[in-house]
Q: 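Handing you this structure, nothing more for now.
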Amino acid sequence: MRFRGRVAIVTGGGEGIGGATAQRLAAEGAAVVVNDIDAARAERCVAAIVGAGGQAMASVGSVTDEEAVGAAVALAVARFGAVDVLVNNAALTTRSTLADCAPADWDREFAVTLRGAFLFARKVLAPMTTQGRGAIVNIGSVNALMYFGNPAYSAAKAGLLSLTRSLAVEAGPRGVRTNMVSPGSVRTANPSWTARQQRDPAIFEKLARWYPVGRVGRPEDIAAAICFLASDEAAFVNGANLVVDGGLTAGMGVMAHELNG
Ligand SMILES: NC(=O)c1ccc[n+]([C@@H]2O[C@H](COP(=O)([O-])OP(=O)(O)OC[C@H]3O[C@@H](n4cnc5c(N)ncnc54)[C@H](O)[C@@H]3O)[C@@H](O)[C@H]2O)c1
């Protein structure tokens with residue numbers, strides 16, 4: 001119960017990694033505001049939390065919409081009395097190569113993935129610094145570290161790493177810690193994975209050979225790392241990027257195998 005009496009907002013919290021994180025935070029005692037652009041997803045996640053005995057409310061809207069961002073933060077304060085944890089999880093990727101990526105695609109992917117996180121962080125800083133306590137966890141990606149395609153999304157995630165450091169340094173003295181979790185491939189039903197699975201139903205099994213742990217990630221693997229960074233156990237962790245990728249970016253295992261037999 002690391003989050004007993006705490007209030008959390010999870011963006012894009014209806015499904016996938018955000019949904020698993022919202023449910024884990026609630027299971028450990030947090031009251032959770034589940035933001036999502038999709039009302040049905042947000043409500044499903046809230047129903048799952050409440051059904052398990054937790055506290056949650058949906059806040060429907062895009063992270064790109066300043067009014068919706070303000071409304072989500074206001075809801076947390078009005079209904080639950082504070083904002084202690086923000087998980088910036090919503091992101092968008094639509095184009096897998098630079099050749100495919102028109103300027104409007106670049107802007108859309110940046111607006112959700114980077115600007116949305118900035119808007120939410122900016123909005124929670126007032127309640128967090130007033131109470132002198134807060135934790136922000138930004139969800140990055142291994143795409144911020146190495147080329148795996150989806151260049152606009154990857155550049156936005158690299159920008160999010162920089163935003164994480166700016167927040168850590170600027171808001172740290174006021175009691176707000178900011179960190180990043182960078183997942184490798186995680187089995188979710190997001191639009192990119194759905195398209196890849198339609199092309200190749202065995203995609204996750206095939207990708208497993210790149211992962212030293214022998215499998216891709218589960219949403220719960222990422223939720224566990226997010227909850228650690230959001231909790232008081234990480235009281236001295238600020239500005240860190242916790243890579244949760246089963247060892248993918250630790251080295252070139254497939255290449256080494258080809259080299260050495
Ligand atoms: N799945 C992976 O392999 C993987 C790998 C690395 C990083 N990530 C990151 O993890 C996070 C979650 O990914 P996921 O795979 O769980 O995605 P998902 O699509 O399963 O869940 C994302 C949720 O965000 C919501 N959403 C989309 N646009 C939104 C917007 N503009 N405003 C509010 N909500 C919005 C969706 O409705 C959905 O419920 C993202 O930041 C993603 O970049 C995922």
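Start at 1 and go down the list; that is how both ligands and their atoms are numbered. Keep in mind that this is a model prediction, so the values were computed, not measured.
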Q: Report the C-alpha separation of Glu109 and Thr94 in whole Å, then their side-chain angles, then the decisive distance to 0.1 Å, and conclude whether the side chain to side chain donor-acceptor pair (under 3.5 Å) test is met.
A: CA-CA 7 Å; Glu109 295 195 22; Thr94 57; 2.9 Å; yes
Q: To the nearest 0.5 Å, what is the distance between CD on Gln197 and CZ on Phe204?
A: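 Answer rounded to 0.5 Å: 4.5 Å.
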Q: Under 3.5 Å between any N/O of Ala189 and any N/O of ligand 1: does that happen in this structure?
A: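 No: no nitrogen or oxygen of Ala189 is under 3.5 Å from one in ligand 1.
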Q: Identify, by atom number and element, the atoms of ligand 1 in contact range of Ser141, meaning under 4.0 Å from any of its heavy atoms.
A: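 Those atoms are 6 (C), 7 (C).
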Q: Tell me which part of Glu15 gets within contact of ligand 1: side chain, backbone, both or neither, using heavy atoms under 4.0 Å.
A: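 Glu15 to ligand 1: contacts from backbone and side chain alike.
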Q: Thr11 near ligand 1, heavy-atom distance under 4.0 Å?
A: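 Outside the 4.0 Å threshold, so no.
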Q: If you measure every N/O of Asn190 against every N/O of ligand 1, is any gap under 3.5 Å?
A: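 Yes; at least one N/O pair falls below 3.5 Å.
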Q: What residue and heavy atom of the protein are closest to atom 23 (C) of ligand 1, and at what distance?
A: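 In this structure, atom 23 (C) of ligand 1 has Gly12 O, 3.3 Å as its nearest protein heavy atom.
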Q: Please identify which atoms of ligand 1 are closer than 4.0 Å to at least one heavy atom of Gly61.
A: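 Those atoms are 32 (N), 33 (C).
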Q: May I ask you to identify the nearest protein heavy atom to atom 31 (N) of ligand 1, giving residue, atom name and distance to one decimal place in Å?
A: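 Among all protein heavy atoms, the one nearest atom 31 (N) of ligand 1 is Ser62 OG, 3.0 Å.
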Q: Considering non-hydrogen atoms of the protein only, which is the closest contact for atom 35 (C) of ligand 1, and what is the distance?
A: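 Of the protein heavy atoms, Ile37 CG2, 3.6 Å lies nearest.
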Q: Short question: side chain of Asp100, backbone of Arg95 - any donor-acceptor pair under 3.5 Å?
A: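 Flag not set: sc Asp100 to bb Arg95 has no pair under 3.5 Å.
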Q: Between Glu220 and Arg24 (salt bridge meaning N to carboxylate O under 4.0 Å), is one present in this structure?
A: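 A salt bridge is absent here (no side-chain N lies under 4.0 Å from a carboxylate O).
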Q: Can you tell me if CE on Met1 sees more than 12 non-hydrogen neighbours from other groups inside 6.0 Å?
A: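 Atom CE in Met1 is packed in, count exceeds 12.
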Q: I need the Leu119 CG to Asn88 CG distance, nearest 0.5 Å.
A: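 Rounded to the nearest 0.5 Å, the CG-CG separation comes out at 9.5 Å.
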Q: Closest non-hydrogen protein atom to atom 6 (C) of ligand 1, residue and atom name please, with distance?
A: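 Result for atom 6 (C) of ligand 1: Pro183 O, 3.4 Å.
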Q: Out of Asn35, Val186, Ile17, who is nearest to atom 44 (C) of ligand 1 when you count heavy atoms only?
A: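 It is Ile17 whose heavy atom sits nearest to atom 44 (C) of ligand 1.
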Q: When you look at CD of Glu170, are more than 12 heavy atoms from neighbouring residues, nucleotides or ligands closer to it than 6.0 Å?
A: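 No - once you tally the heavy atoms of other residues, nucleotides and ligands closer than 6.0 Å, there are 12 at most.
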Q: Based purely on interatomic distance, does Thr188 place a nitrogen or oxygen under 3.5 Å from a nitrogen or oxygen of ligand 1?
A: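 Thr188 vs ligand 1: N/O contact under 3.5 Å present.
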Q: So is Arg187 in contact with ligand 1, going by heavy-atom distances below 4.0 Å?
A: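 The answer is no: ligand 1 sits nowhere under 4.0 Å from a heavy atom of Arg187.
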Q: Are there over 12 heavy-atom neighbours, none belonging to Arg215, within less than 6.0 Å of that residue's CZ?
A: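 Correct, the count exceeds 12.
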Q: Write out the residue and atom name of the closest protein heavy atom to atom 8 (N) of ligand 1, then the distance separating them to 0.1 Å.
A: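 Looking only at protein heavy atoms, the one closest to atom 8 (N) of ligand 1 is Tyr153 OH, 3.7 Å.
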Q: Is the shortest heavy-atom distance from the side chain of Val32 to the side chain of Ile9 under 4.5 Å?
A: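 When only atoms from C-beta onward are counted, Ile9 and Val32 do not touch, as no gap falls below 4.5 Å.
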Q: Does Gly217 come within less than 4.0 Å of ligand 1, judged by its heavy atoms?
A: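 No, Gly217 has no heavy atom closer than 4.0 Å to ligand 1.
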Q: Does Arg187 CZ have over 12 foreign heavy atoms under 6.0 Å away?
A: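 Enclosed.
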Q: For ligand 1, is there an N or O atom under 3.5 Å from any N or O atom of Trp193?
A: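 Yes, Trp193 has an N/O under 3.5 Å of an N/O on ligand 1.
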Q: Looking only at distances, can you tell me whether any N or O atom of Val112, backbone or side chain, sits closer than 3.5 Å to an N or O atom of ligand 1?
A: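 Val112 vs ligand 1: no N/O contact under 3.5 Å.
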Q: For ligand 1, which atoms, with element, lie under 4.0 Å from some heavy atom of Arg41?
A: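 In order of numbering, the contacting atoms are 36 (C), 37 (O), 38 (C), 39 (O).
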Q: Could you work out, for atom 20 (O) of ligand 1, the closest of Ser185, Gly16, Ala20, Gly184 by heavy-atom distance?
A: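 When every heavy atom of Ser185, Gly16, Ala20, Gly184 is considered, Gly16 comes closest to atom 20 (O) of ligand 1.
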Q: Could you name the option among Ile139, Asn89, Asp36 that has the heavy atom nearest to atom 41 (O) of ligand 1?
A: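 Among Ile139, Asn89, Asp36, the closest heavy atom to atom 41 (O) of ligand 1 comes from Asn89.
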Q: Any salt bridge between Arg6 and Asp232, counting N to O under 4.0 Å?
A: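 Looking at Asp232 together with Arg6, the answer is yes, because their closest N to O distance falls below 4.0 Å.
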Q: Considering distance alone, does some N or O of Val63 sit under 3.5 Å from an N or O of ligand 1?
A: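 Yes; the residue has a nitrogen or oxygen that sits under 3.5 Å from a nitrogen or oxygen of the ligand.
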Q: Tell me whether Gly140 reaches ligand 1 (any heavy atom closer than 4.0 angstrom to a ligand atom).
A: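 Heavy atoms of Gly140 do come under 4.0 Å of ligand 1.
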Q: So which pairs with a foot in residues 142-172 pass ring-ring contact (aromatic ring centres under 6.0 Å, His included), sequence neighbours left out?
A: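 Qualifying pairs: none.
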Q: Shared ILVMFWY cluster between Val169 and Leu86, side chains joined below 4.5 angstrom?
A: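 No.
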